[in-house]
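Reading through the structure tokens given below for one structure.
When a ligand or atom number is given, it counts from 1 through the structure's own listing order. As the structure is a prediction and not an experimental result, all values here were calculated from the model.
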Amino acid sequence: MSGSQQTGRGEQLAANLARVEQRIADACRAAGRDRGEVTLIVVTKTYPASDVRLLAGLGVREVAENRDQEAAAKAAESADLPLSWHFVGQLQTNKARSVVGYADHVHSVDRLRLVTALSSAATAVQRQVGCLVQVALDAEAGDRGERGGVAPDAVPALADALAAAPGLRLDGLMTVAPLAGAYAGQPRAAFDRLMEISSRLRETHPAATMVSAGMSQDLDDAVTAGATHVRVGTAVLGVRPGLR
Ligand SMILES: *Cc1c(COP(=O)(O)O)cnc(C)c1O
């Protein structure tokens with residue numbers, strides 16, 4: 001990319017970031033929340049490491065990816081930047097070792113086998129990885145969600161396992177507003193439900209305060225409901241080519 005194209009991209013990202021920042025600030029104000037209670041995580045999937053570098057220059061400190069291969073390469077190219085990496089995609093156990101190499105947080109823990117794999121991978125490299133239980137609000141009791149996550153009834157057992165696992169830290173809960181089921185098209189109700197599950201979780205795990213919810217379309221609802229972390233891709237980087 002030429003210098004002037006890069007300048008253009010930087011200006012575009014800066015303008016998009018400012019709009020997202022305004023939305024977060026407005027939602028905080030309307031909800032009587034402090035702006036400092038909400039952390040913006042920029043989801044850089046499908047976009048190049050050059051964008052990650054521009055974002056870091058614009059003050060972004062938290063970035064997320066959903067595929068290990070892409071994330072590992074981008075994190076390596078960005079190793080000199082003061083960034084914290086979040087893994088937010090469905091994760092196979094055989095990728096655990098790679099993911100703990102760069103991720104400070106994994107938002108998508110949804111089964112015991114993954115807890116075991118992440119724990120042994122993290123202890124092997126003497127790292128502490130913050131973990132969130134992904135909640136599938138469209139899954140029936142005892143089931144998993146279409147896009148990963150566990151039904152709410154499975155959260156306590158998974159949370160206990162995470163809290164007890166060496167190398168891992170139980171940091172909270174994550175959800176994606178469901179496209180199907182009772183909460184389809186009702187992100188606010190979905191996020192309120194997640195907050196209830198979070199409150200219950202904090203009765204036994206008071207340090208598990210992270211609530212990761214809200215994307216480009218529904219971040220305002222997530223902030224209103226009480227999310228501590230929003231994961232925003234499209235509204236900052238643009239519409240991704242293809243469906244991911
Ligand atoms: C891609 C992705 C996001 C960001 O979605 P946008 O609609 O582009 O903001 C957030 N969370 C997860 C888990 C994702 O995969």
Side-chain angles (χ1 to χ4, degrees), residues 12-13 15-24 27 38-49 51-52 55 58 60-72 74-75 83-92 95 99 102-111 114 118 129-139 144-150 171-180 183-188 190-191 194 198 210-225 227-244:
Q12 186 179 45
L13 292 176
N16 291 348
L17 263 181
R19 265 191 296 272
V20 168
E21 176 54 43
Q22 190 64 52
R23 284 173 64 189
I24 296 173
V38 181
T39 300
L40 168 64
I41 303 173
V42 179
V43 184
T44 50
K45 65 188 182 198
T46 78
Y47 286 96
D51 279 349
V52 173
L55 288 166
L58 293 166
V60 169
R61 291 295 173 260
E62 315 278 333
V63 290
E65 289 282 333
N66 73 336
R67 292 183 179 199
D68 171 59
Q69 206 178 354
E70 182 182 349
K74 244 179 263 182
L83 292 172
S84 177
W85 292 81
H86 298 255
F87 191 86
V88 300
Q90 292 187 48
L91 182 54
Q92 294 170 284
K95 300 287 169 61
V99 168
Y102 56 84
D104 297 298
H105 287 92
V106 176
H107 291 227
S108 42
V109 178
D110 61 359
R111 58 204 191 279
L114 187 54
L118 286 169
V129 179
C131 289
L132 288 75
V133 176
Q134 182 178 346
V135 184
L137 293 167
D138 55 348
R144 303 247 315 278
E146 190 90 356
R147 302 154 86 190
V150 289
D171 278 349
L173 302 178
M174 180 271 241
T175 204
V176 177
L179 299 172
Y183 293 105
Q186 307 209 58
R188 178 59 206 277
F191 299 143
L194 184 71
S198 169
M210 278 178 73
V211 179
S212 168
M215 320 200 307
S216 293
Q217 292 218 344
D218 50 26
L219 72 90
D220 326 80
D221 282 322
V223 170
T224 306
T228 63
H229 291 70
V230 293
R231 310 177 308 269
V232 182
T234 307
V236 173
L237 289 135
V239 177
R240 289 178 294 276
L243 241 186
R244 291 192 64 168

| Identity of the nearest option to atom 14 (C) of ligand 1, non-hydrogen atoms only, from R240, Q90, K45, Q134 | K45

| The single option from H105, H86, H229 passing side chain to side chain donor-acceptor pair (under 3.5 Å) against E62 | H86

| request: Please confirm whether G233 comes within less than 3.5 Å of ligand 1 when only nitrogen or oxygen atoms on both sides are compared. | output: yes

| task | Below 4.0 angstrom from a heavy atom of V88, which ligand 1 atoms are there? Numbered from 1 as shown, please. | result | 12 (C), 13 (C)

| For T234, atoms of ligand 1 separated by under 4.0 Å from a heavy atom | 6 (P), 7 (O), 8 (O), 9 (O)

| message | Could you check whether any side-chain N or O of T44 sits under 3.5 Å from a backbone N or O of V52, counting only pairs where one atom can act as donor and the other as acceptor? | response | no

| Quick one: side-chain hydrogen bond (donor to acceptor under 3.5 Å, both in side chains) partners of Q69, sequence neighbours excluded? | none

| request: For the pair E70 and K45, find out whether any cationic side-chain nitrogen is under 4.0 Å from an anionic carboxylate oxygen. | output: no

| task | May I ask you to identify, for V43, whether its side chain, its backbone, both or neither come under 4.0 Å of ligand 1 on a heavy-atom basis? | result | side chain

| query | How long is the span from the CG atom in L132 to the OG atom in S108, to the nearest 0.5 Å? | reply | 9.0 Å

| When you measure from atom 5 (O) of ligand 1 to each heavy atom in H107, M215, Q217, which option holds the nearest one? | M215

| note | Sorted by chain and number, sequence neighbours left out, side-chain hydrogen bond (donor to acceptor under 3.5 Å, both in side chains) with D138 holds for none

| said: Which of the numbered atoms in ligand 1 are under 4.0 angstrom from any heavy atom belonging to V232? | reply: 9 (O)

